[in-house]
Protein chains: 2
Amino acid sequence: MTAAANQSGRRPTTSRRLERAGIRDVAAAAGVSITTVSDALNGKGRLPDETRSRVREVAERLGYRPSAAARTLRTGRSGLIGLTVTTYGEEPFTFTEFAYFAEMARAATSAALGRGYALVVLPASSRHDVWGNIALDGTVVIDPPDQDPLVSELYRSGVPVVSDGKPGNCPVTAWVDNDHEAAVLGILDHLSEAGARRIGLLTGTSTDTYTRLSTEAYLGWCAKVGQEPVYETYPAHDPAAGAVAADRLLARPDRPDAVYGLFDPNGTDLLAAARRYGLRVPDDLLLVCCSESDVYATTEPPITTLSLKPRKIGTTVVNLLIDAIEGVDSGTGVDIARLFPPRFRTAGTGPPPGTLMPTELIVRASSQRRSPRTTVSPPRPPGEV
Amino acid sequence: MTAAANQSGRRPTTSRRLERAGIRDVAAAAGVSITTVSDALNGKGRLPDETRSRVREVAERLGYRPSAAARTLRTGRSGLIGLTVTTYGEEPFTFTEFAYFAEMARAATSAALGRGYALVVLPASSRHDVWGNIALDGTVVIDPPDQDPLVSELYRSGVPVVSDGKPGNCPVTAWVDNDHEAAVLGILDHLSEAGARRIGLLTGTSTDTYTRLSTEAYLGWCAKVGQEPVYETYPAHDPAAGAVAADRLLARPDRPDAVYGLFDPNGTDLLAAARRYGLRVPDDLLLVCCSESDVYATTEPPITTLSLKPRKIGTTVVNLLIDAIEGVDSGTGVDIARLFPPRFRTAGTGPPPGTLMPTELIVRASSQRRSPRTTVSPPRPPGEV
DNA sequence: CACTCATGGAGAAACGTATCTCCAAAGGCT
DNA sequence: AGCCTTTGGAGATACGTTTCTCCATGAGTG
C-alpha cells in the first residue's frame, strides 16, 4: 500500500480525472506496485492467479489501456510494418499497377494482422518527412529501383526490409518475386501450341526487374526457336501510351499473329487495336496479357491472363519480414536462412535470400484457336461490336 | 563541454558503437547539451544560426535519426491515422466494396501524407489485439454499423474519429457522406427522361446507411410519381447472390423497363440477366448501377454509372480528421464547426457535424434510348496520347 | 534450529525525446 | 555605475511503460 501510494502520488496535480488512467492509477486502485500490474496484465512474473485476476479487474474497471507509445519506446517494437507505394505526382500507385498492388496489399494486410502487426502505407520517396516520424519494425518495398536510397538507408539503420520484386542492387533482408522467365516461356509455348507462328510482345521502356526479365526471356526464346522478335515498348506508367503502342504493334508490316502484353491494361489496348484493324480474336490474333483483373473474364472474347498471384506474394513477403523481425533483431539478418525450407529459395550462398513464387496462366478464349468448351455463352442477339 | 560530457557519459557500457546514435551522442560530439541539439534540429529555441548548422552537421555525420517512439511518447502525437477495413472471414474488404475502398484509401493516403501523417490499416473488429498496440492520433472508419463498439471505445478514449458514411448511432467527431437521396432521385429522373415507365431497384438486405437511404429514396420517389415499387434484395457481400437477384428481378411478371443497381457488380449482373432473357440494352432495358470501376466504360453496351467520388470523400475525411487532431486535442471536438465553410454541412446544431458530398452520374449508352453522340469515337489515329 | 529455496512482489533504472525553468553573460539605457 | 533586457544555452523533469535486481516471508529439509 505504501508503495502504491508512493508511486502514484507522484503526480503533483490535484483533481485531474480528465486524463486517461495510467498504470500507476491501476496500481494505486489495486493496492499493488506498477510492476505487479504490468506483470499481471502481460502474463509475466510469478503471481498467484488471484492477484492477476484482481489486477485485471481493476484495470478493466478503470478502462486502462497501456500507452502504445511508451510500450514501443521501452520494448523497441512498434508492431508496425511499412509498405511503400510508388507515387507519380500526386496520387499513390499508378494505373498500371493498381490491381496488382491492391490485391497484394490486401493479402499483406491480412497476413500482418494475423500475426499482430499492422501495415502503414508510406511513400517510396525517402525524402518525405513522414519516414522519420514513424517507428517501424520492418518495411515491405515494392519493386525498388536499382540503388534505391530509401532501401539502403532503411537497411543501414537496421530496419529489416523485404522486397516484393527482386531488388536490383540494394541490400535487402530478403526478397520475393515471381519466376518471370518461366512465366514468359510458358506463355510463349502456350501460344505456339495454339498455332502462333509469329509472337509479338508489348513491353515497357523502364528498367525494372519485371520488364527486363520478361523481355529478356522473350528475346531468348525468339533466338532459340529462330523467330524474329516483334515488339513495341512504351512507358508503362502512362495509361494512354499503351493503346498507342498496341496500335503500333499491329500496324507493323511484320504483324504478329499472337501478342503477349506485359501490363494490365494491354488486354484492352490490344483488343481495341485488333478491332480497329479488323482482326478477329482469337482467329486472327491470339492474345495474352499479364493482369490481376477479372475484367478479362467477361470481355468479348475473354482474354487469357497471367496472374502473378499477388496475394501469395503479399502473404509471403509479410511472413518473411515478420520472421526476420522476430528472429534476429540484431543488425545482421542472417538467421532467415534456416527459417524457411529452401524449396523455392535460390541456391546462392550470397545474400540476400530470395524466394521465387509460381505464376498462374488463366487460359481463356483469346489464346485458343478452337473454343475450349461449348461456345454457348453468346446467344448474343444482333447487338454486336 | 562539461555538460555534454556529463549527460552523454551516463552510459555505463564501454565500447558499444553498434547502437544507433542518440541525441546524447550528437550533443557530446557537438559539445553542447541535448537541449541545444533538440532545439537546433527542430528549429526551436533561440540559437544563433552558426550553432544550429553545426549541430545539424554533426547529426548528419553521425547518421542521427530521432527516435520516433520517444518523440511520440513525449509529444503525444504519433502522426498515425487508423483506417478501418471491414473483414469478412480472412480477407479484408469484400468484393463489393473493393473498388470504392481502393480509390478512397488511395486518396486518403495521399491526403494524409501531404499533411505529414501516415495511414495504418486496421481491422474493424475491436477485439483485435493490434488496436491496443498502436498509438493513433485519429481514426477513419468506413461505414460503421449502428452502435459500433469500436467507434464508441475510440471516441471514449479521446481519439478523434471521422466516419466515411453517416454513422447510425455512434458518436463521431465528424462524418462525410454522399447525398444518397439526391443521387437516387437524380438517377430515377434521368431514367424517366430516357423513357422508363417502370423503374426497378436492385438493393441489399443489410441495414447500413447507404442501402437504407437509397432504398427509402426509391420508395419515396415511387410513392410520389405513383409507380408500384419493383425491387429485389440480396446480401450485398455475397458476390454470387447479385447475379441471382438480378435474374429474379427481370423474371418478374411486372418486369421493369429500367433498373438501378446499388452495388458495383450489379451492372454485370443485370447485363448478363438481360441477355439471358433476350432483352436488349438500352432498347428494352435501361441500366444504371453504382460503381467506381471503369470497366463499365467498355462493356457492351457501356453502362451508365453513379460514382460516389471516393477520392473526394477520402480526401475530405482525412482533412477533417487532421483538422480535428490539430485543432482541439481536448476530448471535446467542437472546434471543427468553424474550420469548414458550412456550404455543404448539414445545418443541424446537434453534433456530430456532417458533410455531404455530391455524386456524379456518368451517363453512357445503357441509359439512353437514342445514342448520345455519334458513336464514332474510334477513328482514333495512332498519334494520340 | 540453521539452512536452502521457492514464492510474491516492491524499487528503480532505463527507453530517447521535448520542453519548462532557470542562469550567466553581454549589451543597451538612463 | 547601476538596472533592464536580450541572447545562448544548460539542467532537470516527465512521457508511461517493461524489466532487471533484489528483498522479505514462509515452507521444506537436514
Side-chain angles (χ1 to χ4, degrees), chain A residues 1-8 10-13 16 19-28 30-52 54-55 59 62 64-79 132-133 135, chain B residues 1-13 16 19-28 30-52 54-55 59 62 64-79 132-135:
Chain A
M1 265 192 284
T2 56
N6 177 19
Q7 290 203 350
S8 90
R10 189 78 61 82
R11 288 196 179 169
T13 47
R16 50 158 66 178
E19 308 292 337
R20 267 177 44 195
I23 197 175
R24 282 189 288 261
D25 301 311
V26 177
V32 296
S33 72
I34 63 169
T35 303
T36 303
V37 174
S38 179
D39 284 348
L41 263 36
N42 295 330
K44 304 198 170 179
R46 302 165 305 194
L47 297 177
D49 287 344
E50 189 272 332
T51 304
R52 239 177 251 286
R54 181 163 47 90
V55 170
L62 297 186
Y64 169 68
R65 295 276 173 264
S67 152
R71 172 176 293 170
T72 297
L73 176 60
R74 177 62 228 238
T75 63
R77 287 281 224 311
S78 66
N133 279 332
Chain B
M1 266 195 282
T2 55
N6 177 17
Q7 291 203 346
S8 89
R10 188 79 61 82
R11 290 196 179 171
T13 48
R16 50 158 67 175
E19 309 292 337
R20 269 176 44 195
I23 196 175
R24 282 191 287 262
D25 301 311
V26 177
V32 296
S33 73
I34 63 169
T35 303
T36 305
V37 175
S38 179
D39 284 348
L41 263 36
N42 295 330
K44 303 199 171 178
R46 302 165 305 194
L47 297 176
D49 287 344
E50 191 272 331
T51 305
R52 241 177 249 285
R54 182 164 47 91
V55 170
L62 297 186
Y64 168 68
R65 296 274 173 268
S67 153
R71 172 175 294 169
T72 297
L73 176 59
R74 179 60 227 245
T75 62
R77 287 280 227 307
S78 66
N133 278 333
I134 296 177

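Chain letters run A, B, ... following the sequence lines, proteins first and then strands; every chain starts at 1. Heavy atoms only: backbone and side chains are in, while hydrogens, waters and symmetry mates are out.
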Between C:dA12, D:dA12, C:dG16, which nucleotide gets closest to the side-chain atoms of A:Ile34?
C:dA12

Donor-acceptor pair under 3.5 Å, B:Thr51 side chain vs D:dG9 base:
no

Proximal nucleotide (of C:dA18, D:dG8, C:dT7) relative to the A:Arg46 side chain
C:dT7

Side-chain N or O of A:Ser67 versus OP1/OP2 of D:dG16: is the shortest distance under 4.0 Å?
no

Spacing of OG1 belonging to B:Thr35 relative to CG belonging to B:Leu47, to within rounding of 0.5 Å
10.0 Å

Just the rounded figure in Å: distance from P of C:dG9 to CZ of A:Arg54.
7 Å

Do B:Thr36 and B:Ser33 pair up side chain to side chain, a donor and an acceptor below 3.5 Å, judged on atom types alone?
yes

How is B:Arg71 classified with respect to the nucleic acid when contacts are heavy atoms under 4.0 Å: base, sugar-phosphate, or nothing?
sugar-phosphate

Separation of D:dG8 C1' from B:Asp49 CG (nearest whole Å)
13 Å

Does B:Ser38 reach a base, just sugar-phosphate, or nothing at all? Heavy atoms under 4.0 Å.
base

Please check if the side chain of B:Arg71 supplies one atom and the backbone of A:Asn133 the other of a donor-acceptor pair under 3.5 Å.
no

Length of the CZ-C1' vector between B:Arg74 and D:dA12, whole Å
11 Å

On the nucleotide D:dA10, are OP1 or OP2 found under 4.0 Å from the side-chain N or O atoms that B:Thr36 carries?
yes

Between CZ of A:Arg20 and C1' of D:dC15 the distance, given in whole Å, is 12 Å

Mind checking A:Asn42 for me? I need base, sugar-phosphate or nothing, with any heavy atom below 4.0 Å counting as a touch.
sugar-phosphate

In whole angstroms, the gap separating C1' of D:dT17 from CG of B:Asn133 amounts to 12 Å

In this structure, how many angstroms lie between the C1' atom of C:dC15 and the CZ atom of B:Arg65, rounded?
20 Å

Between A:Arg52 and A:Asp39, what is the shortest heavy-atom contact and its length?
NH1-O, 3.2 Å

Under 4.0 Å, heavy atoms only, any strand: does B:Arg52 hit a base, just the sugar-phosphate, or nothing?
nothing

Does any donor-acceptor pair link the side chain of B:Thr35 with the base of C:dT19 at a separation under 3.5 Å?
yes

Closest of D:dC15, D:dG9, D:dT17 to the B:Leu47 side chain is D:dG9

Given atom CG of B:Asp39 and atom C1' of C:dT17, what is their separation to the nearest angstrom?
12 Å

Here the distance between atom P of C:dG16 and atom CG of A:Leu73, to the nearest Å, is 7 Å

Under 4.0 angstrom between B:Lys44 side-chain N/O and C:dT19 OP1 or OP2
yes

Would the distance check show the side chain of B:Thr72 and the main-chain N or O of B:Ala68 forming a donor-acceptor pair, the cut-off being under 3.5 Å?
yes

